Each structure stands twice: as structure tokens, then as C-alpha cells.
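For reference, the structure discussed in these notes is given below.
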Amino acid sequence: MQRAALFRGGDAQMAAGDLGELLVPYMPTIRVPKSGDRVYKTECAFSYDSPDSEGGLYVCMNTFLGFGREHIERHYRKTGQCVYLHLKRHVIEKVPGASGGALPKRRNAKLFLDLETNSDLNSEDFEYEDEAKLVIFPDHYEISLPNIEELPALVTIACDALLSAKSPYRKQESDSWEEELQASKHAKTLVQLDNGVRIPPSGWKCSKCDLRENLWLNLTDGSVLCGKWFFDGSGGNGHAMEHYKETGYPLAVKLGTITPDGADVYSFDEEEPVLDPHIAKHLAHFGIDMLQMQVTENGLRDNDIKPRVSEWEVIQEAGVKLKPMYGPGYTGIKNLGNSCYLNAVMQAIFSIPEFQRAYVGNLPRIFDYSPLDPTQDFNTQMAKLGHGLLSGQYSKPPVKSELIEQVMKEEHKPQRNGISPRMFKAFISKGHPEFSSNRQQDAQEFFLHLINLVERNPVGSENPSDVFRFLVEERTQCCQSRKVRYTERVDYIMQLPVAMEAATNKDELIAYELKRREAEAARRPPPELVRAKIPFSACLQAFSEPSNVEDFWSSALQAKSAGVKTSRFASFPEYLVVQIKKFTFGLDWIPKKLDVSIDMPDFLDISHLRARGLQPGEEELPDIAPPIVIPDDPKDCMTNHFMESLDIDESSVMQLAEMGFPLEACRKAVYYTGNLGAEVAFNWIIAHMEEPDFAEPLVVSAFGEVASSGAAALGAVGLDNQPPEEMVAIIISMGFQRNLAIQALKATNNNLERALEWIFSHPDLEEESEPALDMMDMENNANANILADTGAEGPRIKDGPGRYELFGFISHMGTSTMSGHYVCHLKKEGRWVIYNDLRVCASERPPKDLGYIYFYHRIPS
């Protein structure tokens, strides 16, 4: 670095020919970015360093990967690439009077089109200055840019193309248009008239007509006018556009879309939807507080509820002065636009020591052995995220000068706090129809998706997701013969039903519902909310009660009969994840949420739910499969099978949909698992949720499906006839080995239900199949890992006592999984901390009764 200091600034007098000569040996390694290349010029592949960071960002001129100062040497040693473009943004103090108090300027604005500005910066005292230069390794020789006349043409073109390249995170899918939104050129300089206009919380209508829908608030003068030609397709008389033509006031926000996460903003001048980075300030000018806003199902604001009972206020602990927390483990995560579900889950995940050790503890090894493109490696991106959250490097308290006269300015100096998980989200959501979009998602579904990826990308000798694994024993009983069958499956989440019938304040709920209906009929604000109070013990009781088995076929009676099923824990996990099943579907198939308060305990004992297996006096159901009915005409057999396969068990579909999975995916899961129940279909979902068409509508090929099934029904299974791959995949997805699945299907003429019964009735064959594990196809092995590695020792579990202590919970605000906001509370160092995206504070009143997903750790014996 000493030599680099000598070169710095010393190349100004170097002749053009000298620069050309210097770069000649490296010309073959310098590439011009093409349209398909991803250029990472805003974020390091191994850390959250950026051009804003102290050391800036080095972008490889061959791979276009970005690296912070701590990681550039690793890439140079691994690849031998020598030429990098160094990008650095400087924050400098303005010269008094230089800009007349205007907003901060951006010199060389062309350089960093995708680089976000720091909202904490006092725009009246500081401004940006961007710098770019070529750096040649290993001597760190620096060539300042622009140097158009002195550099070879190829180098100049490559640098210009790299600096002009768009962000690699921009989505091209039509359902992700939100990612394409750009900040309006009017946002920073918008003039707002001081005309005393205050927008009421409800009762809006167009000031030029009587329309009460598709209303837009002009952010300059506060006019409320109807729209017509906007991106959401709503009707109107176009008065908002007419107002712009008359006044030139460019920006408007759609009323009813304002939430704590943002709002729909339209620029009449730019003729497109835009982002307004200063929307909170612009709305506050008209008396609108974004933190108190949410969107209801009818598009109206739902902030008339008093703050002391509003879900949004209680969960975010609004109205209470919370002390910010800084340092390792107290790092916030930026909301990328409806990505709070990801933020909340990852904060909880990296509060668990096993995940900390697996990724952050192994960080040097993971980084050193990462592939040439670390942005596409799961373990690298997990280690990067974990280090960002736990290192404290991106969570530093504000620094105040000791000199009194500088205190005020120092308070406004920008702090590099929080991380932006763009690279992480782009990778883990790649190919997923829901998570790759910019829409709100279910945190529970994302948790399972993450566990799936952890299972498929092993790191070290132990899999950290094992701490969540547990075995469920399912006891199915024929109500008529009283005979039973015991089976086991692997799970990661304990799902607790909401026992609404056990509410302790039923009279208040009835009175509230009457008042609410009266207010709705009279177009008055709704009454003060009354939330159902449900005892936790009632939910636990509902979990343990028997449930009816639809379309149960009793092998004891050789006929269909009534059957009941109960679930118990065959093992207790190290960390128990409890989901409160708040989400359901209304009669109109619109997802809804049960707004309830449940007295979740700090200490939980579920030892009484331990499975006991076959009890004395119980008689097992015989191992007999349903009879196969062969019609006279094989063609009729195929037709009948095809028609029956379209008979989908809607109750199982609804159970899966309540977990947050896409409805079409649930229908496919139930169909492809032969209507064997929600549990079996759930296993199919976990194994197939990475497929591109996961959430696409069910399309059945009558010929292909029926032909194979018809042949199986007729018993036309030759010696060389392999079972249908779809059936094999279904059984593998349940955690069984491939050779066992094939053996079971062959033994039962490719009857899926009988094959499963055959497997459960021949556990000795499962153990004997262990030597064949090494022959298993690697891809199928990866898919099977999510549910079980059933070898000689059985699935990987960490069994122990069933006593737990609460250490975290994720809460949801809003009416359904498709909207709203997620917040995470974690207990650290003896006190509760709230993680609300970038904001990390000591919690004063953790709303443990309003959580959605709870995290418990086992209490040692």
C-alpha cells in the first residue's frame, strides 16, 4: 500500500502513450458488459460494502463482480484478474453559500444511477462527490477517470458501459413492475404550498365531482381529485390530470394506498408511476402520518381505530419512545418493498447459535471455497448476511464531536447503519413465482422455503436446520372396528389452530359486531376495536383433539368407513417453531386474518403430547390395500381413472392454502398425491416449491397420465417396466429412498396409496436399503433431504425434553398474507428487542399476544 500511495496523484503528468502501454498486458482480460451480463457496482459479493463505504467498491473489469476492500485481494488471488474499476462516493461539507441552501448536488451523476442516497444526511450542510478510477493489481496502480483521450478506446468503452449498466436486480417479469419504479426527478425539489390544507382520515371525494373512488391527492396543493388514465385501471373523470395541465403540479398519491411501507405515486410530467423517497415528509405537510396508515380490503384507510388498540400501533410499539440499539446482533435490514417477511425471518434465524456457527463461524472457509460467482452460491450469501447482522460493522451509534460548536452538525453526519439484502433476496427467490415478485408474502411459507434451501445446500458436518426437525406420530383409527394404524412423518413447524369458540370475551365481541354493522350501514367510523381473547390452553387442546379423516377406507372392514386421526410428537425439537393459524379463507375465497389475542406463555411444557406408540389392547389395522376394480374395457379404465383424478379433495386444498401456499399449488399437490390428505400433499409442496411452474394452474395430460395409470391398474407391469417417475418422486419427497419407492410401487402394481401402506408395513426393508443410498441420484437426494434422511439411524432429529422458553416471535399487521407488514421481537441479553426493518430498538411493551410465529428453545434438563 506504500507503493500505491506513491502512485496516487502521480499519474496526472503521464503521457497518453504511457497509459496505453501500461494497460496493454491486461487488454485481453478487459470486457465490455453485454446486455445479459450482471454488473454489481453497488454491493460487494461478500459483504455489504458499497461505494458509500470507507474503502469504496472494486468492480472486476472481467466478471463485473463488486468487492469491498477486505475481499478484493481474495478475488485477485483466486482469478488472477488485475484490472478493477474503483468506485467511491464522498460526502463533503458544503462551502457556505455555495448552493444557497439547495438540496445536495450529485457531481458525476452519471456514475451511480442506481446508488441510493443517504436519507440521514443533512442536505443543507453536505453534498455528494462521486469518484471513479482504474486500479491495477497487485501494485494498486491508480488511473483517475475520466481519462478519455489518454486511455485505449476499449478501456474507455468498457468503463462507460460498466458505469451506465442497470442494476442486476431489476425484474423483467410483468408481475414485478414495482421493481422498475424510479425515483421521480421532482421528489427532492417538490414545492408544497403552505395553504393550511389538512386531509381528513375518511370521507374523501373529488373536489370537482362526487366520485369517491380512484382519488388522488396532489402533493403540491393538497387537492383531492379523481383519476382516469392511471396504471391501476380504475375509472374516473380525469380531473387530476386536468388539474396538472392547469397548474403544472407534477406529483400525486393515490388515497387508500398509503401504508407504513409507502404509497402509489404518479408523476404527470414523467407520465408513469414513480417512487417518492420523501413521501413521508410530503404527506406530513397535509397532516398524514404514514405510520398510522394501512390499507383495508375496500381500499380505504383503516386508521380510525384508536391507537391503543390498533394492531399496527401495538405491534410496532408506536407512541412509545424506544431506545435505539447498536452493535453486533442489533443490525437492521432495509425493506426492499414488501420484503419485511424476509427481514423478520432472517433476524430470527441468525439469533440461533447453530446457524451462527454454521455460517458466520465457517465464514473464512465458505468464502475461500466459494465458486467463481459467489453471488449465485447459497452458503456464501447466507454467510454474508449472517456476518452483516452479527458483526456490528453496519450498526454503529452516532458519533458526536467533543467540540460543542460542532455537535449539531455531527449529529446529522450519515451513519452506515443497516444492510440491504438485495443480492440475498435475488438469489434465494430466483425461479420462485411468489418470492421473486415484489408482493407481500407469508413469513411461514418463506421460513419453509429457507429450510428447504438449507437442506439442499449442506455446510459442514451438521445441518443447522436439524434444530427444527421433529417426528410426528399420526394415529388413525377406524371408528367401527376400533382398530388403529400408526405412521410417522417429519415436520418443522407446530401449527396451532385458533379456538375461536373458546374466546373469554364473547359478549363484548357480539356487542362490537352489532355496533360495527350499524356504523357501516350509517357510513360512520367503526367503533373501537374489540379483539377476541383466546386462552393458549384452548389452542393446545384443539391441536391434540382427533380430526376426521375424509374418504377413509378401513382395511379391517374392506370398505369405506368413518375414521379419526390424532397427532403427537414422536420427538421434540431443539427449537420449537409454533405458528398460530390466523389466516383462513372467506366464502369469497379472499384470504382473511383472525384478529385475536392469545396469551402465549413464556415457558411452555408439551411433554404430555409425547407419542406413545401402539398401546396394550390396541389392535392394528390389517395390511390390506383397497381392491382394484378392473372394468371390461381397458379404455374405460383409463377414462374412469382420468375422471377420478380430477376429483380433488377441497378440504385438503383449504388446509394447505391456510398455511400460505398458493392456491393452484395446493390443488396440484392434492391431485398429484392421490387425495391422500393434507400431510402427504404438504410433503409434495416442499419438494416441488422450487419448480418454475409451482403456482401455475393444474394442467392434466389425459393421455400420458391415464396411459401409465391404466396399465398399472391392469397389472401390465413387465420385468423391465419402471414405475412412473411422478409416483417415484412423490414417495421420495416424503423422505423415503428411491430404491425403496421403486420396490414398493412394483410390489403394488404402481398403486400409490398401496405403495405407501406397503412401505409402512415393511420397515425392515427400509433398513436393509441403506447400502443402496450411495447409488441414489444426487438430484433426488437433494429434494428428499427436506423431509428426511431415512437411513439406518432414521431421520436426523435432536430429541429431548418437551419444555421450552420463548425467545422470539414474528408479528403480522394487516388483513391477509397478501398485504400488511411484519415485525420481529427477539429476547437478547435478558431484554426484548424489536426489529422493524432498519429500526432496531429496545422493546418496552412486546406484544406477545399478537404474534403469528413463535420461537421457543428447549430448556435443558
Side-chain angles (χ1 to χ4, degrees), residues 37-50 53 55 57-60 62-81 84 167-169 328 331 333-334 336 339 342-343 345-347 349-350 352-394 418-432 435-436 446 449-465 690 778 782 785-786:
D37 289 328
R38 294 189 296 264
V39 178
Y40 296 94
K41 61 178 180 177
T42 61
E43 182 182 351
C44 172
F46 293 107
S47 71
Y48 292 93
D49 287 348
S50 71
S53 304
L57 191 72
Y58 296 83
V59 182
C60 176
N62 182 269
T63 64
F64 313 120
L65 295 170
F67 302 95
R69 186 165 59 186
E70 295 180 5
H71 303 284
I72 182 64
E73 291 285 352
R74 176 187 290 105
H75 186 258
Y76 163 70
R77 291 194 307 267
K78 181 180 289 189
T79 65
Q81 297 296 333
Y84 297 84
S167 167
Y169 310 117
T331 303
I333 306 178
K334 179 180 174 61
L336 305 176
S339 65
L342 179 149
N343 298 351
V345 170
M346 297 316 299
Q347 291 285 10
I349 287 292
F350 276 109
I352 296 174
E354 283 78 1
F355 279 86
Q356 296 174 0
R357 290 195 298 267
Y359 295 104
V360 183
N362 287 323
L363 183 140
R365 183 180 66 83
I366 293 174
F367 283 2
D368 287 341
Y369 290 94
S370 64
L372 292 180
D373 187 356
T375 68
Q376 302 303 303
D377 181 61
F378 176 76
N379 291 330
T380 299
Q381 293 308 309
M382 281 288 283
K384 169 184 171 179
L385 182 69
H387 180 265
L389 294 176
L390 301 174
S391 65
Q393 186 175 343
Y394 307 102
I419 59 177
S420 178
R422 287 191 182 277
M423 191 177 293
F424 178 79
K425 183 178 186 297
F427 174 72
I428 64 169
S429 63
K430 183 174 59 177
H432 193 284
F435 299 132
S436 61
F446 177 74
H449 173 68
L450 180 73
I451 295 301
N452 185 17
L453 292 175
V454 172
E455 292 277 357
R456 294 169 59 182
N457 295 273
V459 53
S461 58
E462 290 193 9
N463 194 316
S465 65
E690 298 302 312
M778 292 301 295
N785 275 345
I786 183 61

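Along the sequence shown, residues are numbered consecutively beginning with 1. Bear in mind that the values here come from a model prediction, so they are computed numbers and not experimental data.
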Starting at [atom1] of [X], measure out to [atom2] of [Y] and round the result to the nearest 0.5 Å.
X: L385; Y: M423; atom1: CG; atom2: CE; answer: 12.0 Å
X: I72; Y: L65; atom1: CD1; atom2: CG; answer: 10.0 Å
X: T63; Y: D37; atom1: OG1; atom2: CG; answer: 10.0 Å
X: Q381; Y: L453; atom1: CD; atom2: CG; answer: 12.5 Å
X: F64; Y: C60; atom1: CZ; atom2: SG; answer: 8.0 Å
X: F350; Y: I333; atom1: CZ; atom2: CD1; answer: 9.5 Å

Practice problem: Report yes or no: does Q347 contribute a side-chain atom to a donor-acceptor pair with the main-chain N or O of T331 at less than 3.5 Å? | Solution: yes
Quiz prompt | Identified salt bridge (Lys or Arg N to Asp or Glu O under 4.0 Å) counterpart of E43 within the set R38, K334, K384 | solution = K384
Quiz item: So does E462 have more than 12 non-hydrogen atoms from other groups sitting under 6.0 Å from CD?
Solution: no
Can you name the closest pair of heavy atoms from [X] and [Y] and give their distance?
X: N343; Y: P421; result: OD1-CG, 4.2 Å
X: D49; Y: G68; result: OD2-CA, 3.8 Å
X: S370; Y: F367; result: OG-O, 2.8 Å
X: I419; Y: L389; result: CD1-CD2, 3.7 Å
X: A45; Y: T375; result: CB-CG2, 4.0 Å
X: S420; Y: L336; result: OG-CD2, 3.4 Å

Quiz prompt | From CA spacing to verdict: side-chain contact (heavy atoms from CB on, under 4.5 Å), H387, Y48 | solution = CA-CA 9 Å; H387 180 265; Y48 292 93; over 6 Å; no
Practice problem: Please step through side-chain contact (heavy atoms from CB on, under 4.5 Å) for the pair I428 and L342, ending with a clear verdict. | Solution: CA-CA 10 Å; I428 64 169; L342 179 149; 3.9 Å; yes
Indicate the ring-plane relationship of [X] and [Y], choosing parallel, tilted or perpendicular according to the 30° and 60° boundaries.
X: Y359; Y: F355; result: parallel
X: F446; Y: F435; result: perpendicular
X: F427; Y: F378; result: tilted

Quiz item: Are the side chains of S47 and Y394 in touch, meaning some heavy atoms are under 4.5 Å apart?
Solution: yes
Quiz item: Does any non-hydrogen side-chain atom of V59 lie less than 4.5 Å from one of Y40?
Solution: no
Quiz item: Is the cationic atom of R74 (NZ for Lys, CZ for Arg) positioned less than 6.0 Å from the six-membered ring centroid of F46 and within 45 degrees of its normal?
Solution: yes
Practice problem: Establish, from distance only, whether the side-chain atoms of H75 and Y84 form a donor-acceptor pair under 3.5 Å. | Solution: yes
Quiz prompt | Candidate pair T42 and L57, rule side-chain contact (heavy atoms from CB on, under 4.5 Å), full reasoning | solution = CA-CA 8 Å; T42 61; L57 191 72; 5.6 Å; no
